[in-house]
Amino acid sequence: MAKILKEKIFEGPTIEVAKNLLGKYLVRKYKGRIISGKITEVEAYDGPKDKASHASRGLTKRNFPMFGPAGQWYVYFTYGLHWMLNIVTGKKGYPAAILIRGVEGINGPARVTKFFHIDGKFNGKSADKKNALWIEDRGLKISNEIKRTPRIGVQYAGPLWSRRRYRFLLKQK
DNA sequence: ACGATGATGAAC
DNA sequence: TTCATCATCGTA
C-alpha cells in the first residue's frame, strides 16, 4: 500500500506539493530500524523572488540544493544548534523547497530532525530508500482538513512575503 | 523575554 | 576579518 514519492511528484507547483505532503509519511531507516511519522505541518519557500527564502539572494554555498532537481533534501544548520529539513521542489534551476515543520506528535522543525536523526549528511541527497530517508503515501485521505497561515519567523522578509500564507497544517480532529 | 551557539553572507 | 543575523527551542 505504501508508495514512495518520486522526483516527478515534487516538480509540480510548490504550493500544491506542500499541501499534498500533509498526511504523507516521513520515513527514516536508522541503525536497522524504521522511524516514521505523519507529516502535519509544512512551509513553502517558492522561487527567487520570495524574500523569506534563502534563495532570494541567489545561489550560494549553503542554498545550492534549492536550485537543483526536485526530490532532493536541503538540510541546513541554524541558530548554532538546529538542523532544518526541506524537500526541494520545482525544476532544476528554479529555487524552491518545502520546510517540514512538524510530524504527528512532534512540533517544530528542529525537533523533527532530532527525532529522525537527520543532519547535514543528507544535504543534496535524493529522497529515496537508498539514502535511508524518504516520504511515502500510505493512502491516507486528508481532504478538507488543511489550515493555511503565514510562515513562522520570517518578519525580516517584509510585509508582502511575511504575510503570505505559505504555511500549511492539518487541523486537529 | 531571552540566551545558547555557530555558520552564513555582506560589508569593510 | 569582522559583524549582524538567523525558516529555533527551552527555560523563566
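By convention in this document, chain letters (A, B, ...) are assigned in the order of the sequence lines, proteins followed by strands, and residues within each chain are numbered from 1.
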Kindly determine whether A/R138 and A/S36 satisfy side-chain hydrogen bond (donor to acceptor under 3.5 Å, both in side chains), including the steps that lead there. CA-CA 11 Å; A/R138 296 185 179 170; A/S36 75; 3.3 Å; yes
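Between A/F64 and A/T60, every side-chain heavy-atom pair lies at or beyond the 4.5 Å cut-off.
Atom OH of A/Y76 is separated from atom P of B/dG9 by 12 Å (rounded to the nearest Å). Atom CZ in A/F77 sits roughly 15 Å away from atom P in B/dG9 (whole-Å rounding). Atom C1' of nucleotide C/dC6 and atom CH2 of A/W161 are separated by 20 Å, given to the nearest angstrom. Atom NZ in A/K61 sits roughly 16 Å away from atom C1' in B/dA10 (whole-Å rounding). Per the geometry, CG belonging to A/D46 stands 17 Å off P belonging to C/dA7, to the nearest Å. Protein atom CZ of A/F64 is 11 Å distant from nucleotide atom P of B/dG9, rounded to whole Å. Rounded to an integer number of Å, the gap from A/L59 CG to B/dG9 C1' is 13 Å. In this structure, A/H82 atom NE2 and C/dG10 atom P are separated by 7 Å, rounded to whole Å.
One finds a salt bridge joining A/K91 and A/E11 here, because a Lys/Arg side-chain nitrogen approaches an Asp/Glu carboxylate oxygen to under 4.0 Å.
Under the stacking criterion of a centre-to-centre distance below 5.5 angstrom and an interplanar angle below 30°, A/Y79 is not stacked against the six-membered ring of B/dG6.
Base pairing of B/dT5 is not made with any nucleotide, judged by Watson-Crick or G-U wobble geometry with both donor-acceptor distances under 3.5 Å. With a 3.5 Å ceiling on both atom-pair distances, C/dA7 lacks any Watson-Crick or G-U wobble partner.
Contact annotation for A/A110: backbone-only contact, meaning every heavy-atom pair under 4.0 Å involves sugar-phosphate atoms and none involves a base. Using a 4.0 Å heavy-atom criterion, one finds that A/R62 contacts the sugar-phosphate atoms exclusively.
Under the 6.0 Å cut-off for aromatic ring centres, A/F122 and A/W73 do not qualify, their centroids lying 6.0 Å or more apart.
For A/R111, counting side-chain heavy atoms from C-beta on, the closest listed nucleotide (C/dC9, C/dC6, B/dG9) is C/dC9. When distances are taken from the side chain of A/T60 to each of C/dC9, C/dA7, B/dG9, the shortest belongs to B/dG9.
In this structure, A/G153 and A/K114 both approach DNA chain C, and ranking their closest nucleotides by distance from the 5' end singles out A/G153.
Taking 4.0 angstrom as the limit, A/H54 places a side-chain polar atom (N or O) nearer than this to OP1 or OP2 of C/dA7. Taking side-chain N and O atoms only, A/Y166 has no distance below 4.0 Å to OP1 or OP2 of C/dA7.
Comparing C/dT2 with B/dT5, their P atoms sit 22 Å apart, to the nearest whole Å.
Ring-plane geometry between A/H54 and A/Y76 is classed as perpendicular, the angle between the planes exceeding 60 degrees on a 0 to 90 degree scale with a lower cut at 30.
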